[in-house]
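A, B, ... follow the sequence lines: proteins, then strands. Residue 1 opens every chain. On a predicted model such as this, the values are computed, not experimentally measured, just so you know.
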Amino acid sequence: MKKILLSLFILTCVGYEPMSFAENSGLKTLGNMMNRVDSYKVSCPTGTTQLDFQLLDATANPETALLPQLLNAVLKKGKQSSEITQVVSASSQELTLSGGNGTYNLMLDTMTGTNLNIKTAQSYTVQYHCYNSEDGDVNTKLSNGLKAGVDSAIKTIKNKAKATLSFNCAKNAKLKELGNTEKLYIKLTNKTSPQQTSPFLTGVVYKMSSQSAISATDFMGDDNYGDKVSLKSGAGDYSIVIATTATDTIQDNAKSYSFQYSCMNAAKAEQAATLSTLEDN
Amino acid sequence: MNLFKKHILWLASMTLFSYSVHAHEQANSLGAAASAVDMFAISCSDGTDKMFFSILANKASSGYIPVSATLIGDSTFTTTSNNGKVSHDVEVSTKSGVLVMISKTKAEKVNYAMTYHCQTNGGEHTETDLSPLQNQ
């Protein structure tokens with residue numbers, strides 16, 4: 001038994017690989033100024049075959065999120081009105097108004113609340129039901145061509161615009177008492193593709209002498225480093241540039257970040273690395 | 001050769017000369033991932049003092065999205081194309097060239113075109129080469 005345990009211990013020692021600990025830049029910040037970068041130089045000694053790199057967006061401030069695009073929607077019939085509902089991109093909301101038989105108007109606008117810096121027109125679909133007292137359909141088709149329970153064709157609306165869709169929930173005499181509309185139900189779907197809600201960080205590792213480069217990205221919101229990248233360009237000086245993708249000036253674009261780096265030799269062992277700051281914005 | 005013919009010949013040679021040193025263009029596309037990054041190395045020949053660069057992003061399927069070019073050399077500059085408009089022309093002081101990083105913020109494929117050239121302080125175009133380093 002002791003011989004077996006000793007053998008296992010020896011085998012374990014032979015196969016043991018010490019963990020590779022990357023160098024860490026420490027917490028850095030990239031200021032709020034647009035189109036600015038931080039840059040660094042990592043000097044790797046003779047024997048280095050590659051530089052490994054990982055980036056962490058450590059920004060915690062939710063204010064950096066871009067305002068989304070959205071539609072303002074309200075149902076009206078005569079003096080009656082539903083609550084105003086905002087439908088952000090890639091989401092759906094339901095509106096109902098108990099107004100009985102007659103014509104309802106769905107009124108949409110992009111005058112306020114939506115991010116007007118995003119110039120892309122929004123697209124949407126609507127689905128309706130003229131429900132009776134038992135939540136059954138009073139009719140299956142309206143004069144505007146819409147069919148009950150079926151999404152309409154995609155419609156579009158630009159920024160600072162208004163649109164009105166009419167729904168005539170007329171009485172259906174064939175259904176007798178159940179032919180009276182009690183309420184109009186609308187499902188409004190904002191089909192607009194959402195913008196990336198937050199600017200994110202990109203790190204570029206390059207070696208101009210060998211015309212080689214690779215990039216790494218990380219998104220804010222967690223404590224995990226992004227994917228590791230390796231630039232296989234040997235010993236010497238590597239340059240690192242940290243940039244933000246922010247293009248919207250109405251928000252706070254400042255970023256906190258750190259990065260890990262290792263000069264690795266052919267045996268995948270870490271070599272001594274020297275980090276210098278070239279540009280700090 | 002009479003004077004008129006000499007002028008025509010001179011004009012033709014100038015036209016050809018101008019044509020041979022016009023700005024370079026390169027079209028490419030950024031993949032659907034929001035984090036997609038393309039990178040190029042622009043090399044300038046000996047005698048270069050500066051480089052000019054601009055970018056134009058085409059309309060994506062959902063509309064125009066901003067596409068930025070970050071030029072990395074002795075200094076770093078960024079210029080952005082949006083709403084179908086060419087970015088402002090970046091002038092970079094360089095003797096040898098720059099690294100160009102193309103990025104965007106939205107998860108959608110977008111086509112773009114870069115215009116660039118190297119030149120002397122006197123305005124004479126110098127040899128300019130572009131090498132793709134990363135295409136995502």
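In this structure, chain B has a heavy atom under 4.5 Å from the side chain of A:Ala243, while its backbone stays farther away. Looking at A:Ile214, the atoms closer than 4.5 Å to chain B (heavy atoms on both sides) sit in the backbone and in the side chain alike. Only the backbone of B:Lys104 comes within less than 4.5 Å of a heavy atom in chain A; its side chain stays farther off.
Summarising the geometry, atom CG belonging to B:Leu99 is positioned 14.5 Å from atom NZ belonging to A:Lys207; distances are rounded to the nearest 0.5 Å. A distance of 11.5 Å separates CD1 in B:Ile72 from CD1 in A:Ile240, rounded to the nearest 0.5 Å. Annotation: the span from B:Ser43 atom OG to A:Gln211 atom CD amounts to 4.0 Å, rounded to 0.5 Å.
The 12-atom threshold is exceeded at NZ of A:Lys119, counting heavy atoms of other residues, nucleotides or ligands nearer than 6.0 Å. Counting non-hydrogen atoms of other residues, nucleotides and ligands closer than 6.0 Å to CG of A:Leu278 gives a total above 12. Within 6.0 Å of the CG atom in A:Asp227, the count of heavy atoms belonging to other residues, nucleotides or ligands does not exceed 12. Atom CG of B:Asn121 sits in a crowded spot, with more than 12 heavy atoms from other residues, nucleotides or ligands closer than 6.0 Å. Counting heavy-atom neighbours within 6.0 Å of A:Lys191 NZ, excluding the residue itself, gives a total of 12 or less. Counting non-hydrogen atoms of neighbouring residues, nucleotides and ligands closer than 6.0 angstrom, the NZ atom of A:Lys28 exceeds 12 such neighbours.
Under the side-chain contact (heavy atoms from CB on, under 4.5 Å) criterion, A:Lys160 pairs with A:Met111, A:Leu116, sequence neighbours left out.
Using a 4.5 Å cut-off between non-hydrogen atoms, the part of residues 129-136 of chain B that approaches chain A consists of B:Ser131, B:Leu133, B:Gln134, B:Gln136.
Legend: disulfide bond (SG atoms under 2.5 Å apart) pairs involving residues 32-87 of chain B, not counting sequence neighbours, sorted by first then second residue: B:Cys44-B:Cys118. Listed by first and then second residue, the disulfide bond (SG atoms under 2.5 Å apart) pairs involving residues 69-104 of chain B amount to none (not counting sequence neighbours).
In summary, the side chains of B:Ser75 and A:Glu279 do not present any donor paired with an acceptor at a separation below 3.5 Å, with no hydrogens or angles considered.
For the residue pair B:Met39 and A:Ser215, the shortest heavy atom distance occurs at CE-N, 3.6 Å.
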